[in-house]
Amino acid sequence: MIVADDILLMIPGPTNLPPQVREALGRPSFYHRGKDFADLLAFCTDALRRVFQTSDDVLILNSSGTGGVEAAIVNTLSPGDRVLVVDGGKFGERMVEIATTYGARVDVLTVERGQAADPAEVRARLDGHVALLFVQNETSTGVRQDADLLAAAARERGALTVVDTVSSMGGMSIPVEAWGLDAVAAGSQKALMLPPGLAFVSMSERAWAAAEKARMPKFYFDLKAAQESLGKGQTPWTPNVNMFRALRAALELILGEGLEKVWQRHHALGEATRAAVEALGLELFSDREHASDVVTAVRSPEGIDSQVLVKNVSAKHGILISGGQSELRGKIFRVGHMGWCQIDDVLRTIQATAMELKALGFEVSVGDALTAARAAYAKATGEEKR
Ligand SMILES: *Cc1c(COP(=O)(O)O)cnc(C)c1O
């Protein structure tokens, strides 16, 4: 029997943990009001600035990614504010729900599942809205938005941007400051190679100006309180000190590899996965031009329930991939290739998935898929030049 500890996680979070992170998690707890924690907080905040590509502080919260998205919303908006939300999947829907829960007047721009939003359409729809809310990498469909163009449209229309980068931050280059993204939320358990439980939020100058007037209720997720405490080397409430140690370990790994290299590795893993999909005669669910580099969504072949495929890959190979969510259940499957993930993990996953597709009656060449994936990976990492 395969126990949970032996499962290779090829889902879009939680992801596999590097040994250094696991080691950090096994160490004792320690006092959070003192120099040790202050030093740790300072290191993590500074390293996160580099990951987010911003000179603004990145605030660290005890919660899963959704808490970070909620914090970004309630700290910048007031009940009654008109906002436009790009809804291209499950996590776009979640932004609609959060904003609605806190009393925003929400207009929804629905995007066909698997497609990216058209920046010109977003620009045309923005009409006196206080903010534009969108998911930079829609994990449920494997789609990357043109966040730079959406932000430019928002800026032109005088709207603030509130952006969910939970599944992509750390795995894809998202130049928060250069693109003018205002309130940006990320999470620990995806590309950042940590267990679930921390959220990260950056706030631009415009976002802080909005925070001065924002009247949506908040207490635990009051970012002004977090910002004030940060100045004293603390967090307002008891932080998950063990996770902060793990965060330092993960950030050291990322900066040690080099951010450009990390992004390139994810892109190469995406290219390898997409090449295998093509070689298997399958169809990407997402628009090729906007296919995510951290998660690949694939249409299940005619007559094959993707839930069955996922189950067989896990039971027979000890590799967990994802099915589709909500209306996509049974219709697509998704492979996460983010965080602590190398080409060998992707190749193993391609092989297992191809074998199980074959067992379900879909004729494929496992060898061709692996060859295509290897070649695409080599090309994307520039190995073929050596
Ligand atoms: C995983 C994810 C979230 C957050 O989910 P949590 O379970 O709260 O961590 C939010 N948005 C996107 C795009 C995600 O992939």
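Counting starts at 1 for both ligands and their atoms, following the listed order.
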Verify salt bridge (Lys or Arg N to Asp or Glu O under 4.0 Å) between E271 and K379, making sure each step is shown before the conclusion. CA-CA 9 Å; E271 287 287 285; K379 182 161 180 235; over 6 Å; no
With a 4.5 Å heavy-atom cut-off, do T45 and I60 have their side chains touching? yes
Side chain to side chain donor-acceptor pair (under 3.5 Å) with H317: of E356, R348, Q351, only one passes, and it is E356
Test salt bridge (charged side-chain N to carboxylate O under 4.0 Å, His left out) applied to R215 - qualifying residues, sequence neighbours left out: none
Using a threshold of 4.0 angstrom between heavy atoms of the protein and any atom of ligand 1, which residues qualify? S64, G65, T66, F91, R94, V135, N137, T139, D164, V166, S167, Q189, K190
Residue set satisfying salt bridge (charged side-chain N to carboxylate O under 4.0 Å, His left out) with D368, at least two apart, ordered chain then number -> none
Residues in ring pair (Phe, Tyr, Trp, His ring centres under 6.0 Å) contact with F219, at least two apart in sequence or another chain: W237
